[in-house]
Amino acid sequence: MTVRLRFSPSPTGYFHVGSGRTALYNWLEARRRGGTFILRIEDTDTERNRPEWVDGIQSAMRWLGLDWDEGPFFQSQRLSLYQEAAAHLVSHQAAYYCDCTQEVVRERTKANATPGYDGHCRERGLGPGPGRALRFRVPDEGSTTVVDVIRGMPTFDHATIEDFVVVRSNGSPLFVLANVVDDIDMGVTHVLRAEEHLPTTPKYVLLHRALAPGHELPVFAHVPVLVDERRQKLSKRKHKVALEDYREQGVLPEAMRNYLALLGWAPGGNREILSLDELVAEFRLEDVNSSPAFFDERKLLHFNGEYIRALPVDDFVARSQPFLDDGPWAKEDFSPAAFRDLAPLVQERVKTLGEVPEMVDFVFLPEPPLDAKAWDKRVVRGLAARDVLEDAIGEYALCSWDAQVLHDVTAAVGERHGLGLAKAQFPIRVAVTGRDVGPPLFESLAVLGRQRTLERLRAALARLGE
RNA sequence: GCCCCCAUCGUCUAGUGGCCUAGGACACCACCCUUUCAAGGUGGCGGCACGGGUUCGAAUCCCGUUGGGGGUGCCA
């Protein structure tokens, strides 16, 4: 039998990393088993849905490389299906109408030991109508066991499950109903979703049995939630966890994908960096952990650095382009050739593509950006800084313009003033690039050119003299 | 409160009764390399929550405790 998995987000906020991982796991399991991956948008709560979030879901998934075989389906366009299901429940006495308002229920059950709806309308024989919600009649006795590949078999006593609402009093279906109806209709074989859904799963099972008696239940897999440093569930409200933010920051989708895959799952052996093909081949739902994982941005960034460094230089250049386009320099001052020369040196120094512009901005800006602290420390208070600058100007004016030559010449300059190269290069670096960190200096000078280098050296001297 | 889930270094994890003196990675520290910063190399710090069982033997199995989390909506 071919497996069918679905990812069914609701468009109630931007797409966050936790959703990304759930989508990825669904996709991985579907691909590995040669099954079908379905995208279904659960937008039954019209109050909270927004079309831009729907676009966000799809673009985030495309960015991660998670292509779907069917869909996107929209529950808002499948309402008649849910109505039919509701009618079926009513005609089979599996559900009943209720006109209790939330306030009334709360008031009435306040004193009860078990909170929740008390079954007040069970025997009242109410028909449909305005202000009347449809409730599922949960058996009083017995229990429901959920078979979950990563959690075992949690069991829930029916006594602890209230008669839950499946259709709102305004006629719209609730998540729990639409979800089950669609899974049955779409032949979903594996329900892989976040752990927070585990407590409502017995309702899913009860509904499934009532709606499709004899049909096999899907296999459940509740993956642990992602948490913050305080071990609280990552939420859209409180945390900066939108996939989009990482994308804009210059995180590579393959790095994000790899990192996400490892949050709750590990391949055999001491490996961490895995290609998509390896992920597909080795991922196993059964091996997913059951405890919550902390989304560690530092490790993500480490992965990203690994992926950036592994890129062929031309790819690195191409993928840096969008970030270069937003650089702080005038567009016409950017030189692809100059960037290409520095690219290999930049590539091994950044953790995100967003850091690329500041590594090379001194080349494309008319004046070097000024890092006041670096200027003060390495030029104003730097050892023999003035002498080094003056001496360097003299040498640089005459030597041939080549990184190796510049290196040797500068080493000689340093020696004359009792400094090693490491110290001697500082005033020059700050004068020319504005900072005391950056790509190797002599290669940078080679790209900048003799004239601009000398100008900046002289400007620094002038500034020092003030 | 009630229901459910979870528990190995700070973090992500390997581990499925002997191979564990508990392995790897991130982070951190030191050293090496070195024109800065990175990268790389070497080393270090650091963990089986606790208490009972079961067993010749337990990180691994069982029970309890504690701690953490999720749910408890006419949200998903």
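All figures in this text were calculated on a predicted structure; none of them were measured in a lab. Chain identifiers are assigned alphabetically (A, B, ...) following the order of the sequence lines, protein sequences preceding nucleic acid strands; residue numbering begins at 1 within each chain.
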As its Watson-Crick or G-U partner within any shown strand, both distances under 3.5 Å, B:A7 has B:U66

Integer angstrom distance from the C1' of B:A25 to that of B:C45: 16 Å

Using the P atom on both, measure B:C4 against B:G44 and round to a whole Å. 47 Å

Of the candidates B:C5, B:C74, B:U35, the side chain of A:P154 sits closest to B:C5

Whole-Å distance, A:N289 CG to B:U13 P, equals 5 Å

*Decide whether A:T155 and A:T145 meet the rule of one side-chain donor and one side-chain acceptor closer than 3.5 Å.*
yes

A:F294 atom CZ is separated from B:G68 atom C1', nearest whole Å, by 15 Å

Would you mind classifying the nucleic acid contact of A:L198 as base, sugar-phosphate or nothing, using non-hydrogen atoms under 4.0 angstrom? sugar-phosphate

Atom NZ of A:K423 and atom P of B:U36 are separated, to the nearest Å, by 10 Å

Atom NZ of A:K351 and atom P of B:A38 are separated, to the nearest Å, by 8 Å

note: A:L342, atom CG; B:C37, atom P; distance rounded to Å ~ 18 Å

Quiz item: Is there side-chain contact between A:R193 and A:H222, with at least one heavy-atom pair below 4.5 Å?
Solution: yes

Polar contact flag, side-chain donor to acceptor under 3.5 angstrom, A:T44-A:Y82 | no

Answer for the Watson-Crick or wobble partner of B:G18, both distances under 3.5 Å, is B:C56

Check for me whether the distance between the ring centres of A:H197 and A:F175 falls short of 6.0 Å.
yes

Using a 4.0 Å heavy-atom cut-off across all strands, classify A:F442 as base, sugar-phosphate, or nothing. base

Full working for ring pair (Phe, Tyr, Trp, His ring centres under 6.0 Å) between A:F220 and A:Y204 | CA-CA 11 Å; A:F220 292 98; A:Y204 181 114; 5.1 Å; yes

Separation of the P atoms in B:A30 and B:C12, to the nearest angstrom: 26 Å

The nucleotide from B:C75, B:U36, B:C6 with an atom nearest the side chain of A:P292 is B:C6

**Message:** Quick check: any donor-acceptor pair below 3.5 Å linking the side-chain of A:S290 to the base of B:C5?
**Reply:** no

Handout entry: Test log, rule side-chain contact (heavy atoms from CB on, under 4.5 Å), inputs A:L300 and A:Y246
Key = CA-CA 10 Å; A:L300 197 221; A:Y246 289 105; 3.8 Å; yes

Does a donor on one side chain and an acceptor on the other come within less than 3.5 Å for A:S172 and A:N170?
yes

- Query: Quick one: does A:R349's side chain get under 4.5 Å of A:P440's, heavy atoms only?
  - Reply: yes

Using a heavy-atom cut-off of 4.0 Å across all strands, would you classify A:E42 as base, sugar-phosphate, or nothing? sugar-phosphate

Ordered by number, residues from residues 126-152 of chain A within less than 4.0 Å of RNA chain B (heavy atoms) are A:A133, A:R151

For A:E443, answer base if it contacts any base atom (sugar-phosphate contacts may also be present), sugar-phosphate if it contacts only those atoms, and nothing otherwise; contact means non-hydrogen atoms under 4.0 Å. base

request  = Assign A:R378 to base, sugar-phosphate, or nothing according to its heavy-atom contacts below 4.0 angstrom with the strands shown.
outcome  = nothing

Practice item. Can you tell me, in whole Å, how much space there is between the C1' of B:U13 and that of B:C56? Key: 32 Å

Nearest-nucleotide check on RNA chain B, A:S291 vs A:Q75; residue mapping nearer the 5' end is A:S291

Point to revise | Separation between the P atoms of B:C26 and B:C33, rounded to whole Å | key: 22 Å

Q. When the P atoms of B:U60 and B:G51 are considered, how many whole Å apart are they?
A. 12 Å

| query | Have A:H302 and A:E306 got a donor and an acceptor in their side chains that come within less than 3.5 Å? | reply | yes

Testing B:U36, B:C74, B:C3 for proximity to the side chain of A:Q425, the answer is B:U36

Counting primed atoms, P, OP1 and OP2 as sugar-phosphate and everything else as base, the B/S/- map of nucleotides 21-26 of chain B against protein heavy atoms under 4.0 Å is --BBBS

Only one of A:I428, A:D391, A:D408 passes side chain to side chain contact (heavy atoms under 4.5 Å, CB included) with A:V413, and that residue is A:D391

Whole-Å distance, A:E195 CD to B:A7 C1', equals 12 Å

| query | How would you label the contact of A:T44 with the nucleic acid (heavy atoms, under 4.0 Å): base, sugar-phosphate, or nothing? | reply | sugar-phosphate

Would you say the side chains of A:S76 and A:D43 form a donor-acceptor pair under 3.5 Å? yes

A:R168 has its side chain closest, among B:C74, B:U35, B:C37, to B:C74

Query raised in the report: Expressed in whole Å, how much space separates the C1' atoms belonging to B:C9 and B:G52?
Result: 26 Å

Of B:G68, B:U35, B:A76, the nucleotide closest to the side chain of A:H407 is B:U35

**Message:** Check this for me: A:E141, atom CD, are more than 12 non-hydrogen atoms of other residues, nucleotides or ligands nearer than 6.0 Å?
**Reply:** no

By nearest-nucleotide position on RNA chain B, the 5'-leaning member of A:N170 and A:F156 is A:F156

Provide a list of protein-nucleic acid N or O atom pairs under 3.5 angstrom, restricted to nucleotides 64-67 of chain B.
none

If I pick the C1' atom on B:G70 and the same atom on B:G10, what distance separates them, to the nearest angstrom? 24 Å

Separation of B:A76 atom P from A:R50 atom CZ, nearest Å, is 17 Å

(Q) Just to be sure I understand the rule, does A:T410 reach a base, reach only the sugar-phosphate, or reach nothing, if contact means heavy atoms closer than 4.0 Å? (A) nothing

Per atom distances to the A:P199 side chain, the nearest of B:G70, B:U35, B:U72 is B:G70

Determine the contact category for A:D436: base if any of its heavy atoms lies under 4.0 Å from a base atom, sugar-phosphate if only primed atoms, P, OP1 or OP2 are that close, otherwise nothing. base

Which part of the nucleic acid does A:H197 contact within heavy-atom distance under 4.0 Å: base, sugar-phosphate only, or nothing? base

Subject >> Residue pair A:R429 / A:T433, side-chain donor-acceptor N/O under 3.5 Å >> reply: no

* Hey, does A:D157 reach any base, or is it just sugar-phosphate, or nothing, if we go heavy atoms under 4.0 Å? -> nothing

- Query: Using the ring of each side chain (for Trp, its six-membered ring), is A:H407 parallel, tilted or perpendicular to A:F442, with breaks at 30° and 60°?
  - Reply: perpendicular

* To do: Mind checking A:G264 for me? I need base, sugar-phosphate or nothing, with any heavy atom below 4.0 Å counting as a touch.
  => sugar-phosphate

Next on the checklist: Using salt bridge (charged side-chain N to carboxylate O under 4.0 Å, His left out), reason through A:D314 and A:R319 one step at a time and then give a plain yes or no.
Outcome noted: CA-CA 9 Å; A:D314 289 334; A:R319 298 178 71 164; over 6 Å; no

